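Beneath this line is the structure, given in C-alpha cells, with notes to follow.
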Amino acid sequence: MTTKTKLIAGNWKMNGSLAGNAALIEILREHIGRPASEVVVCVPAPYLQQVQGLLAGSPIDLGAQDVSAEPQGAFTGEHSAAMLKDFGVRYVIVGHSERRKYHRETDEEVAAKTAAALSHGITPIVCVGETLQQRDAGRTAEVVKRQLAAVIHVNGHCISEIVVAYEPIWAIGTGQTAAPEQAQAVHALLRAQLHHAASEHAAGIRILYGGSMNATNAADLLAQPDIDGGLIGGASLVAPNFLQIIAAAR
Ligand code: PGA
C-alpha cells in the first residue's frame with residue numbers, strides 16, 4: 001500500500017456554461033472542507049479564465065483537457081502549454097481515449113504533448129486504456145504497456161513528473177465500471193512497468209482509475225493498493241456526487 005496523496009480529477013469534457021460552472025463551483029467550495037486528496041477540475045478551454053477566478057483561494061486546482069505539442073504559430077484551434085500556464089493550469093489531460101479516437105492522436109503525439117506540458121511545469125495526466133475488443137482478445141496488457149512506454153522517456157524529464165490514468169474504454173461513460181480487482185490487475189501491471197523503467201520513482205507515481213467512477217463505487221476502487229485516485233467524467237458534473245468521491249479518497 002502506498003501512502004502518497006491521492007488525486008481526484010474531474011474531467012468536464014465538453015460540458016458547462018458560465019452560469020452552470022459558477023453554480024457547480026459554488027457548491028463544491030461550500031462543502032469541500034479540507035480534502036485528504038488533491039482535487040482538480042479539468043475544464044473546457046474557453047472557461048479557464050472564469051474557473052480560475054471561481055477557484056481562487058479554494059483547495060481545488062485548475063486543469064485543462066488537452067494541449068498542443070507545438071509552442072505557438074499557425075495551428076488554428078489549438079492552445080499551447082504557455083497559454084494554459086497563463087491561466088494557472090496545474091494539470092492537463094493528455095491522450096484521452098476520446099482524443100485518440102476522434103482526433104486520431106497517436107502515441108507519438110501523446111508523447112510530444114506530454115513533453116510540452118512538462119516543459120511548462122504543467123503535470124500531464126496521461127491516459128491509457130483498451131477497447132472491449134482488445135480486452136476480449138486478451139490484448140489489454142500489450143495495449144496499455146505500449147501506450148505507457150511512449151511517455152516513459154520524455155526528453156529531459158523524469159517519469160515521476162507525470163500522472164497516469166488507466167481508463168478502460170469500455171467503462172467510459174457507459175456505467176459499466178471495471179471491478180476493483182480487474183482495475184487493480186491493470187494498475188499493478190503499469191506499476192511494474194514503471195518500476196522496471198525507474199525503480200526509485202515507481203511507487204510515488206500516481207496511477208488514477210477512470211471509467212464510470214461514481215459515488216457508490218469510488219471507495220472500493222480507491223481502496224485498491226495501486227489505485228491512487230480517479231479521473232471522473234460524468235460524476236464530476238454533479239456536485240454532490242463529486243464531493244462524495246472526494247470524501248472517499250483518503
Ligand atoms: P466517465 O468518464 O467517468 O463519465 O466514465 C471518465 C473519463 O472519460 O475521463
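Just so you know, these numbers use all the heavy atoms, side chains as well, and skip hydrogens, waters and symmetry mates. Every value quoted in this text rests on a predicted model; they were computed, and no experiment measured them. Counting convention: from 1, in listed order, for ligands and their atoms alike.
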Check your understanding: Mind checking whether Gly173 has an N or O less than 3.5 Å away from an N or O of ligand 1?
Key -> yes

Review point. Would Gln50 and Asn21 count as having a side-chain donor-acceptor pair, cut-off 3.5 Å?
Key: yes

Exercise for review: Could you tell me whether the side chains of Tyr91 and Glu38 share a donor-acceptor contact shorter than 3.5 Å?
Suggested key: yes

**Study point:** Numbering as shown, the atoms of ligand 1 that approach His96 to under 4.0 Å (heavy-atom distance)
**Key:** 7 (C), 8 (O), 9 (O)

Review point. For Glu98 and ligand 1, does the shortest N/O to N/O distance drop below 3.5 Å?
Key: no

Check your understanding: Between Gly211 and ligand 1, does any nitrogen or oxygen pair lie at a separation below 3.5 Å?
Key -> no

**Study point:** Between Glu130 and Trp170: side-chain donor-acceptor atoms closer than 3.5 Å
**Key:** yes

Practice item. Decide yes or no on side-chain contact (heavy atoms from CB on, under 4.5 Å) for Val41 and Leu55, but give the supporting numbers first. Key: CA-CA 10 Å; Val41 286; Leu55 293 176; 3.9 Å; yes

Practice item. Pull out every atom of ligand 1 sitting under 4.0 Å from any heavy atom of Leu231, numbered as shown with elements. Key: 6 (C), 9 (O)

Practice item. With heavy atoms only and a cut-off of under 4.0 Å, state how Ala171 meets ligand 1: side chain, backbone, both or neither. Key: backbone

Review point. Of Leu231, Val40, Val67, Val126, which is the lone residue that meets side-chain contact (heavy atoms from CB on, under 4.5 Å) with Ile93?
Key: Leu231

**Study point:** Charged N-O contact under 4.0 Å between Arg206 and Asp228
**Key:** no

Practice item. Please identify which atoms of ligand 1 are closer than 4.0 Å to at least one heavy atom of Gly234. Key: 1 (P), 3 (O), 4 (O)

Review point. NZ of Lys85: more than 12 outside heavy atoms within 6.0 angstrom?
Key: yes

Review point. Purely on distance, is any nitrogen or oxygen of Gly233 under 3.5 Å from one on ligand 1?
Key: yes

Review point. Less than 3.5 Å between some nitrogen or oxygen of Glu167 and one of ligand 1, yes or no?
Key: yes

Review point. Cut-off 3.5 Å, side chains only: do Glu109 and His103 have a donor facing an acceptor?
Key: no

Review point. Is it the side chain (CB and beyond), the backbone, both or neither of Ile172 that lies under 4.0 Å from ligand 1, heavy atoms counted?
Key: both

Study note, to complete from the structure: of all protein heavy atoms, closest to atom 2 (O) of ligand 1 is Lys13 NZ, 3.3 Å

